[in-house]
Amino acid sequence: MARQRTAEVLPVPPRARRPRAPQPQEDFLASVAHDLRVPLTSLREFISIVEDGLAGPTTDRQRQYLAIARRNADSLAEMIEQLLLFSRVRLSSFRLNRRRVRLAELLRDATLAQGSSPRDKQVRLCIHVDPRTPEIYADPDRLLEAIRNLIDNSVKYSGTSVTITLESRERDEGRVELVIRDNGHGMDHATQRNLFRRSYRGRQARRRNPGGLGLGLSIVKEIVDLHGGEIVVRSALGQGTELILVLPRYDREEILRKEIGAVWHRTARSGRGFYFVRLGIESLNGALPLSAEELSDEIRVVLRSATREGGTLISECGQGKAVCLLLSGERSRAERRLQEILGTLRERLQLRMAAHVVWDPQPVWIHSADYRHPKEMAVAILQQGCRPEGRTHGS
Amino acid sequence: MARRKILIADDDPDIVLALRIRLEAAGYEILTAMDGKVALDAIREQTPDLAILDINMPEGNAFAVLDSIRGDGLPQIPVIFLTADTQEKSQVKAFHRGIRHYLTKPYDPKTLLVLVESALGEAGSRVAS
């Protein structure tokens, strides 16, 4: 016998108070990073200015001591960057903001975001993208950080000139490979085995490059693990290194099933539930003034500023014309958060929407305990094309 | 031949001085500003050949100055963004706004000079064509 399901449609108020925006921990770390980098810039640059003779002639001994000062300032800079990145990835509030990602664009952004090469090295970056490579479901900012760490690593552990190739290809039906290959020093088996352990740097690495916290690769592993992926290492001393990030490909139904399942697990035992909102914008003549991707970006900004707890955003329901938002918790609190978010979203989108656009979110409250198993709930939602059972309203 | 003029806009006087020393040694004439408003006034009144703009300065950050340059009938000079914000999304945001020259702090002085020459060279090509 089917259990009774609870579904009510909540009317959306015309306007909401602008929510107070708490400073997320990530913003705090970004501020700290900025404040550390600024004096470090002056420190390194004035050492360099004197070294280069721009403050008058220098003796050999003065240049020798200045070189020591500069080397330590460089080391300090590297340690600050690693510590900041590691802290961000390890935050208790850290969550991925996943979306559909095209690897060609990601790899191009990785080469654009690359900082300047060290003075004593020539670095060549190449990209090869197999056009048949499927898209992935990933947090592009985090993956960019991971790729950048790997590129920095390749530059560090190579000779005076290095070629780094970024490649993407399909691995098998459900997975994609992102490859970072270099013609640097390579590594022995012992180093490969311990490569992603925190603070581990092999004998070759320590001899060639003293200093540094050794956190970069453990950060990469954290990011890949969070994506449900794995890292494969292929290397030999003197023959360069290939690091392969194996990541799940984008599968809309699978994603929806997993996200709904996760929310069910969080809420079923405590007797709570969640609001399910399908958000799409269509004009009266059927044209789309805003794509699902643009809408996702707007929602993410509002989620981050409106509430510390965020929400689960599932991009691209309804054949790419909408996104789904899940807001879990105690019902009255979730309702307040939802009203704030929808009100703020409407204000932001009014600047971009034409007067004749239809905006009809129709949130539905779902009581998780009404479903015996998350799969049951996910199937019910999927069968409705992202609309849960029990809706009594038409659009 | 008249020296080319570069505007440096940053609210940190040490950074401004460090950049000034490097660029004057390379033969450029330097104008300075400590905030976005003064930077715009300098662009309007003294028409530098290039502006190096700190993203986070007060009274109008680099993006705001860029919008004014593009929207208020000011001279369309090339711009280099200078910032201690290394978050990739910021760099990609700058790229999508048409900023091709982006320097992060701490910067390498050779890269600074190469970027300046590149930006001035591109501007010269646009004028010639």
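Within every chain, numbering begins at 1; the chains are lettered A, B, ... in the order of the sequence lines, protein sequences first and strands thereafter.
With no hydrogens or angles considered, a side-chain donor-acceptor pair links B:R22 and A:S48 at under 3.5 Å.
Ion pairing of A:R70 with A:E51 is present here, as a side-chain N (NZ or NE/NH1/NH2) and a carboxylate O approach within less than 4.0 Å.
For A:N72, the side-chain contact (heavy atoms from CB on, under 4.5 Å) partners two or more places apart in sequence, or in a different chain, are A:I68. Partners of B:A26 according to the side-chain contact (heavy atoms from CB on, under 4.5 Å) rule, which considers only residues two or more places apart in sequence or in another chain, are B:Y28, B:L113.
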Under 3.5 Å, which donor-acceptor pairs do the side chains of residues 30-43 of chain B form with other protein atoms, sequence neighbours left out?
unit_1: B:D35; atom_1: OD1; unit_2: B:K37; atom_2: N; d: 3.0
unit_1: B:D35; atom_1: OD1; unit_2: B:V38; atom_2: N; d: 2.8
unit_1: B:D41; atom_1: OD1; unit_2: B:R44; atom_2: NH1; d: 3.1

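Taking the six-membered ring where tryptophan is involved, the planes of B:F81 and B:Y102 are tilted, since the angle between them lies from 30° to 60°.
Among the residues in residues 5-15 of chain B, those with a non-hydrogen atom closer than 4.5 angstrom to a non-hydrogen atom of chain A are B:D12, B:D14, B:I15.
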